[in-house]
Peer 1: 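Dropping a structure here in structure tokens format, bear with me for questions.
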Amino acid sequence: MNKLYYIETFGCQMNVHESEKIAGILVNLGYAETSDRAQANIIVFNTCCIRDTAEKKIFGNIGELKILKKIDKSRIIVIVGCMTQQDGMAEVIATKFPFVDIILGTSNIHLLKEKIEELELRRQRKRGKIISIDNTEKPEVIENVTPYRTSYPNAWVNIMYGCNNFCAYCIVPYVRGRERSREPELIIEEVRSLVKAGYKEITLLGQNVDSYGSDRTDGANFYTLLTKLKEIEGKFRLRFMTSHPKDLSEEVIKLIAETPNFCNNIHLPVQAGSNAVLKAMNRKYDRERYFYLIDTIRKYMPDCGITSDIMVGFPGETEEDFQDTLDLVRRVQYHNAFTFIYSPRKGTVAAKMEQIPYAIKKDRISRLIALQNQITLTLSEAFVGKVKEVLVEDAPKENLLCGRTDCGRLVNFSGDKSLIGQFVNVRIDKNKASALWGEIVNE
Ligand code: SAH
Ligand code: SF4
Ligand code: F3S
């Protein structure tokens, strides 16, 4: 019988895709996937530390593994991902959870095979755990790990790793190192072969896709990369995340607008609507530049689905600053926005600033969510009666399908799961609490 693996992923899309790479390594070693932790011979936690809540949740989850290890001592427990890269955290995990066997940093995932083999040798000699963290600023880009993809018809493709921006609140540059861009030829080849293999939606991943290539000497940048991806034949959708308002350019917006395969959808996190807060956050743009970008996007793509990340309660944020955020949200009319309460992260600039009481943050986030919900609801109403092309992505239940429009809106409709991976036309009939429901039509 096959040995079984179980992977639990916390955090962003980047981590979801890295878990596919971990799965690739384990499948090569002869493991098969299980969704039941208790059955697994190896349990991997791919962690996130973007906010305190994420971190607390993971600590709780690792704690629960103690009993599983007690039941089966041969079980291998592996902790990887952003959390392990925080200053001193690998040692904290090792001490607090002595049953953890292997801890790997964000740039060392490719070492998993050799670390498992090393662990087996150590166990024979009754030696302890393995910690492998790479703290160099620019770890090498690893190309020899083939992901085991589990999300057909969607596929993720890294175009770059790390971040150079040091937004004052953010831990990512500390745990993921500086920007490293992959070779354009390798990205293009990967997308081409995914399309050939039948994948219908490719999402390019990077913390700031617009600065792709800034570390390269061959002149490649995000625009030139997109112009090459534009040449790939076949019907598929291309999305990317995340765009940064300081770097997104008009030429990129124009290229998206004129390329049928590039989705009418831009995730453009604003974080805050007040210039004073944006400055303190070190975001390097102001609200005027942001409005200019929104106007430019809408000029070329009037029905573009624009989404955002917005934070409340950054140190020093006054009620007036917060009103600026509400005002910006009202003016932009996001299809959707991910809203967060600012959470101080050790080692970042903002963690040392004077903090705002939690009650104020709570109050602000509920007002922000109420406003955005209202906007999402109104914009959802506008979809009713329209026929949209939808990529069938999943079948959550028998005879129930879901998929997204080009602009990124999720639609539910009935149909057989054999349609997964196909483009269908859906007439949207109902907007139920901002969830769109429709029916396949032959138009
Ligand atoms: N690179 C992306 C986002 C990475 S993190 C970008 O620049 O937009 C995803 C989101 O988490 C951020 O957009 C931000 O809104 C939120 N976030 C990051 N650090 C945070 C913190 N300390 N507290 C609360 N939210 C945070
Ligand atoms: Fe964090 Fe800013 Fe980099 Fe995004 S751009 S990952 S928010 S430092
Ligand atoms: Fe992503 Fe969390 Fe790391 S949001 S980059 S997994 S800290």
Side-chain angles (χ1 to χ4, degrees), residues 8-19 22 45-58 79-86 89 105-107 109 156 158-180 204-212 214 240-248 266-273 277-278 280-285 290 306-315 317 325 334 336-353 355-356 358 361-362 364-365 368 372:
E8 179 125 3
T9 309
F10 303 85
C12 64
Q13 239 31 271
M14 197 74 84
N15 259 16
V16 173
H17 184 42
E18 255 144 39
S19 287
I22 296 165
F45 273 15
N46 191 4
T47 63
C48 169
C49 54
I50 197 83
R51 283 169 287 275
D52 187 45
T53 40
E55 208 170 279
K56 287 222 171 77
K57 190 166 140 203
I58 294 166
I79 311 291
V80 302
C82 291
M83 201 168 152
T84 67
Q85 293 275 162
Q86 281 174 285
M89 185 55 91
T106 47
S107 313
I109 285 169
W156 290 284
N158 286 110
I159 63 168
M160 59 199 295
Y161 301 93
C163 183
N164 286 358
N165 293 310
F166 289 95
C167 300
Y169 49 80
C170 186
I171 191 89
V172 172
Y174 301 90
V175 294
R176 294 242 170 206
R178 294 298 71 69
E179 278 173 15
R180 285 99 66 206
L204 307 179
L205 294 178
Q207 294 298 346
N208 175 3
V209 290
D210 302 289
S211 69
Y212 169 78
S214 63
F240 42 82
M241 59 191 292
T242 302
S243 301
H244 197 305
K246 83 178 163 66
D247 296 315
L248 176 63
I266 300 188
H267 182 57
L268 192 64
V270 71
Q271 312 297 355
V277 174
L278 287 171
M281 284 178 164
N282 193 30
R283 288 289 287 182
K284 301 200 173 81
Y285 55 85
Y290 194 83
I306 305 177
T307 57
S308 194
D309 293 347
I310 309 167
M311 205 185 294
V312 300
F314 185 80
E317 182 189 69
T325 297
Y334 293 113
N336 205 350
F338 301 94
T339 52
F340 306 108
I341 289 183
Y342 163 74
S343 162
R345 304 281 69 210
K346 208 170 134 217
T348 60
V349 173
K352 295 176 207 99
M353 299 175 178
Q355 304 295 318
I356 289 184
Y358 190 69
K361 295 186 191 176
K362 274 283 311 184
R364 286 183 189 162
I365 194 125
L368 175 62
Q372 182 56 48

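Both counts, for ligands and for their atoms, begin at 1 and track the order of listing.
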Peer 1: Which residue is it: Lys361, Met281, Gln355? I am looking for the one with a side-chain contact (heavy atoms from CB on, under 4.5 Å) to Phe314.
Peer 2: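 Answer to the side-chain contact (heavy atoms from CB on, under 4.5 Å) test with Phe314 among Lys361, Met281, Gln355: Met281.
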Peer 1: Tell me the protein heavy atom at minimum distance from atom 6 (C) of ligand 1, and give that distance in Å.
Peer 2: Thr242 CG2, 3.9 Å
Peer 1: Consider side-chain contact (heavy atoms from CB on, under 4.5 Å). Of Arg176, Arg345, Arg51, which one does Ile171 pass it with?
Peer 2: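 Of all the options given, the one that passes is Arg345.
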Peer 1: Counting only heavy atoms, which portion of Arg283 has something under 4.0 Å from ligand 2: side chain, backbone, both, or neither?
Peer 2: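 Side chain only.
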Peer 1: Quick one: closest heavy-atom pair of Met83 and Thr47, and the distance?
Peer 2: CB-OG1, 3.0 Å
Peer 1: Can you confirm, on distance only, whether ligand 1 has an N/O atom lying under 3.5 Å from any N/O atom belonging to Gln271?
Peer 2: yes
Peer 1: Relative to ligand 1, is Thr348 under 4.0 angstrom through side chain, backbone, both or neither, heavy atoms considered?
Peer 2: neither
Peer 1: Taking only heavy atoms of Gln207 into account, list the atoms of ligand 3 that are under 4.0 Å away from them.
Peer 2: 5 (S)
Peer 1: Just to confirm my output: which protein heavy-atom neighbour is closest to atom 5 (S) of ligand 2, and how far is it?
Peer 2: Asn165 ND2, 3.4 Å
Peer 1: Measuring from the heavy atoms of Arg283, does anything fall under 4.0 Å of ligand 1?
Peer 2: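 Arg283 counts as a contact of ligand 1 under the 4.0 Å cut-off.
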Peer 1: Nearest protein heavy atom to atom 7 (S) of ligand 2, by residue and atom, and its distance?
Peer 2: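 The closest one turns out to be Tyr169 OH, 3.3 Å.
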Peer 1: Kindly confirm or rule out an N or O of Asp309 lying under 3.5 angstrom from an N or O of ligand 1.
Peer 2: yes
Peer 1: Atom 3 (Fe) of ligand 3 and Cys12: any N/O/S contact shorter than 2.8 Å?
Peer 2: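 Looking at Cys12, which is the residue asked about, there is no N, O or S atom under 2.8 Å from atom 3 (Fe) of ligand 3.
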Peer 1: Please state which protein non-hydrogen atom is closest to atom 8 (O) of ligand 1 and give its distance, to 0.1 Å?
Peer 2: Pro269 CG, 3.2 Å
Peer 1: Quick check on Asp52 - does any of its heavy atoms sit under 4.0 Å from an atom of ligand 1?
Peer 2: no
Peer 1: Would one find more than 12 heavy atoms of other residues, nucleotides or ligands at under 6.0 Å from atom NZ of Lys284?
Peer 2: yes
Peer 1: Looking just at side-chain N and O atoms, do Thr339 and Gln372 make a donor-acceptor pair shorter than 3.5 Å?
Peer 2: no
Peer 1: Could you check atom 8 (S) of ligand 2 against the protein and tell me its nearest heavy-atom contact, residue, atom and distance included?
Peer 2: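 Ranked first by proximity to atom 8 (S) of ligand 2 is Cys167 N, 3.3 Å.
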Peer 1: What part of Ser343, side chain from CB on, backbone N/CA/C/O, both or neither, has a heavy atom under 4.0 Å from ligand 1?
Peer 2: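 The answer is both.
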Peer 1: When you measure from atom 2 (Fe) of ligand 3 to every protein heavy atom, which one gives the shortest distance, and what is it?
Peer 2: Cys48 SG, 2.4 Å
Peer 1: Examine the proximity of ligand 3 to Met83 and report which part, side chain or backbone, both or neither, has a heavy atom under 4.0 Å away.
Peer 2: neither
Peer 1: List ligand 3 atoms under 4.0 Å from Asn15, heavy atoms only on the residue side.
Peer 2: 6 (S)
Peer 1: Suppose we measure from atom 4 (C) of ligand 1 to each protein heavy atom; which comes out shortest, and what is that distance?
Peer 2: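 Ranking protein heavy atoms by distance from atom 4 (C) of ligand 1, first comes Gln207 OE1, 3.5 Å.
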Peer 1: Is ligand 3 less than 4.0 angstrom away from at least one heavy atom of Arg176?
Peer 2: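 Yes, that is the case, since the closest heavy atom of the residue is under 4.0 Å from the ligand.
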Peer 1: At less than 4.0 angstrom from any non-hydrogen atom of Cys82, what atoms of ligand 3 do you find?
Peer 2: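 Near Cys82, the atoms of ligand 3 are 3 (Fe), 5 (S), 6 (S), 7 (S).
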Peer 1: For Cys170 versus Ile50, what's the shortest heavy-atom pair and its separation?
Peer 2: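 Looking at all heavy atoms of both residues, the shortest contact is SG-CD1, 4.3 Å.
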Peer 1: Under a 4.0 angstrom heavy-atom cut-off, which atoms of ligand 2 come close to Phe166?
Peer 2: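 With Phe166 as reference, the close atoms of ligand 2 come out as 8 (S).
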Peer 1: So, Gln207 side chain and Cys163 main chain: donor-acceptor pair closer than 3.5 Å or not?
Peer 2: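 Between the backbone of Cys163 and the side chain of Gln207 there is no qualifying donor-acceptor contact (under 3.5 Å).
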Peer 1: Check each heavy atom of Asn208 against ligand 2 and say whether those closer than 4.0 Å belong to the side chain, the backbone, both or neither.
Peer 2: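 Near ligand 2, Asn208 shows nothing, with every heavy atom at 4.0 Å or more.
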Peer 1: Using a heavy-atom cut-off of under 4.0 Å, does the side chain or the backbone of Pro173 touch ligand 2, or both, or neither?
Peer 2: side chain
Peer 1: Considering only non-hydrogen protein atoms, determine which one is nearest to atom 1 (Fe) of ligand 2 and report residue, atom name and distance to 0.1 Å.
Peer 2: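 The closest heavy atom on the protein side is Cys170 SG, 2.3 Å.
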Peer 1: Check Gln13 against ligand 1 and report side chain, backbone, both or neither, counting heavy atoms closer than 4.0 Å.
Peer 2: neither
Peer 1: Starting from atom 3 (Fe) of ligand 2, find the nearest protein heavy-atom neighbour and note its residue, name and distance.
Peer 2: Cys163 SG, 2.2 Å
Peer 1: Walk me through whether Tyr169 and Arg283 qualify under side-chain hydrogen bond (donor to acceptor under 3.5 Å, both in side chains).
Peer 2: CA-CA 10 Å; Tyr169 49 80; Arg283 288 289 287 182; 3.3 Å; yes
Peer 1: In the protein, which heavy atom is nearest to atom 6 (S) of ligand 2, and how far is it?
Peer 2: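 Ranking protein heavy atoms by distance from atom 6 (S) of ligand 2, first comes Gln207 OE1, 3.5 Å.
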Peer 1: Is Tyr169 touching ligand 1 with its side chain, its backbone, both, or neither, if touching means heavy atoms under 4.0 Å apart?
Peer 2: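 It is both backbone and side chain that touch ligand 1.
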Peer 1: Kindly say whether Ser211 contributes a backbone atom to a donor-acceptor pair with the side chain of Asp247 at under 3.5 angstrom?
Peer 2: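 The answer is no, because no donor-acceptor pair under 3.5 Å joins these two groups.
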Peer 1: What residue and heavy atom of the protein are closest to atom 5 (S) of ligand 1, and at what distance?
Peer 2: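 Residue, atom and distance for the closest contact: Ile50 CD1, 3.6 Å.
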Peer 1: Nearest heavy atom to atom 16 (C) of ligand 1: which of Arg176, Arg51, Met241 does it belong to?
Peer 2: Arg51
